[in-house]
Amino acid sequence: MKIAFVGKGGSGKTTLSSLFIRHLAAARVPVIAVDADINQHLATALGMDEAEAAALPSLGARLPLVKDYLRGTNPRIASAETMIKTTPPGEGSRLLRVVEDNPVYAACARPVLLEGEPVRLMATGPFAESDLGVACYHSKTGAVELCLNHLVDGREEYVVVDMTAGSDSFASGMFTRFDLTFLVAEPTRKGVAVYRQYKDYARDYGIALKVVGNKVQGPDDAAFLADEVGEDLLLTVGDSAWVRAMEKGRPRRFDLLEADQRQALKELHAAADETYEQRDWERYTRQMVHFHLKNAESWANAKTGADLAAQVDPAFVLAEPSGAPQPA
């Protein structure tokens with residue numbers, strides 16, 4: 001299952017995504033954690049110190065390797081250089097699986113031990129001063145989108161992505177790559193405004209969206225969110241001494257997390273699991289192709305000097321792993 005956490009800056013989406021990742025690890029569920037936020041904080045939220053977090057490999061910096069591996073023997077892709085962030089897989093492409101070893105994970109992921117279980121952590125890499133004037137952050141997240149386009153996952157296999165804040169999530173088709181999106185909203189006008197913007201933009205793409213009310217101080221806050229969000233409101237959470245200790249660099253054992261917080265994580269897990277039956281790989285592939293053709297026409301054909309519409313394999317539909325071997 002591919003799960004996204006979105007929300008405005010400061011809403012607590014990174015904290016909640018890190019707690020959900022810990023919950024999955026404690027439940028012995030295979031999980032890949034991806035930090036796709038412009039502010040790279042997921043590693044420290046998962047317990048890494050600043051030096052360890054800074055030493056994480058950057059997906060964006062390893063994009064040539066990612067392209068070269070995923071291209072495989074796909075005859076529709078003339079070269080790795082002509083692959084863009086939206087290039088869809090086809091016959092001969094190499095696909096990524098949650099539980100496997102491959103050169104992309106070896107170069108771009110690092111294990112984090114959570115509740116005795118190793119979790120693969122991948123990060124886009126920070127937006128550095130050297131990028132100013134020559135790159136936008138969405139070029140960094142292109143590696144994440146390309147990996148998601150080539151990733152097949154099954155029931156009780158999770159990829160959890162901490163997305164960039166606010167409406168920046170809509171800058172590419174990556175927001176359509178998920179089985180379920182958790183939008184973290186504070187009980188404020190600004191928090192609700194981000195929800196409405198996301199809801200309006202995602203409506204045409206059939207995005208499964210649930211709101212998690214965060215920093216809820218009492219019944220009035222909960223009622224405000226219920227009135228403004230309606231049936232999309234899944235649950236609300238309040239302050240946590242466990243989270244405050246973690247944010248101060250004084251982590252406690254995960255089993256000491258407050259009971260109401262643990263229950264909220266169980267409800268998030270249940271909501272994610274429920275979306276499994278609604279998976280539609282044909283729609284998923286169709287949306288992937290839609291955004292690829294849109295990018296090809298608007299900028300990528302001119303940049304690469306190639307007709308990238310030819311990369312689309314009309315007979316190919318991404319689907320769950322069947323145990324078939326990967327291309328050599």
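Since this is a predicted model, take the numbers as computed values, not measurements.
When all heavy atoms of S58 and T124 are compared, the closest pair comes out as OG-O, 2.8 Å.
Applying the salt bridge (charged side-chain N to carboxylate O under 4.0 Å, His left out) definition to pairs two or more places apart or across chains, those involving residues 103-115 are R22-E115. Applying the salt bridge (charged side-chain N to carboxylate O under 4.0 Å, His left out) definition to pairs two or more places apart or across chains, those involving residues 268-292 are D153-R279, R155-E277, D179-R279, R279-E320.
Tracing side-chain contacts under 4.5 Å through hydrophobic residues (I, L, V, M, F, W, Y), one reaches V216 starting from L233; they form part of the same cluster. By the criterion of side-chain heavy atoms lying less than 4.5 angstrom apart, applied directly or through intervening Ile, Leu, Val, Met, Phe, Trp or Tyr residues, V289 is not grouped with I77; the two fall into different hydrophobic clusters.
Between E157 and R97 there is no salt bridge, since none of the side-chain N atoms of the basic residue sits less than 4.0 Å from a carboxylate O of the acidic one. Looking at D68 and R94, no side-chain N of the basic residue comes within less than 4.0 Å of a carboxylate O on the acidic one, giving no salt bridge.
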request  = Start with the C-alpha distance between D232 and Y195, add both sets of side-chain angles, then the distance that settles side chain to side chain donor-acceptor pair (under 3.5 Å), and finish with yes or no.
outcome  = CA-CA 10 Å; D232 286 335; Y195 156 73; 2.6 Å; yes
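Between T87 and N149, the closest side-chain pair of non-hydrogen atoms is not below 4.5 Å. Inter-residue side-chain proximity for Y69 and H150 is flagged as unmet; no heavy-atom pair is nearer than 4.5 Å.
Using the six-membered ring where Trp is involved, Y158 and H269 have ring planes that are perpendicular, over 60° apart on the 30 and 60° scheme. The aromatic rings of F5 and F20 lie tilted to each other, with the angle between the two planes from 30° to 60°.
To the nearest 0.5 angstrom, L63 atom CG is 6.5 Å from L146 atom CG. Here the straight-line distance linking atom CD1 of I3 with atom CG of L180 works out to 5.0 Å at 0.5 Å rounding.
Checking each of N214, D37, T164 against K13 for a side chain to side chain donor-acceptor pair (under 3.5 Å) leaves exactly one that passes, namely D37.
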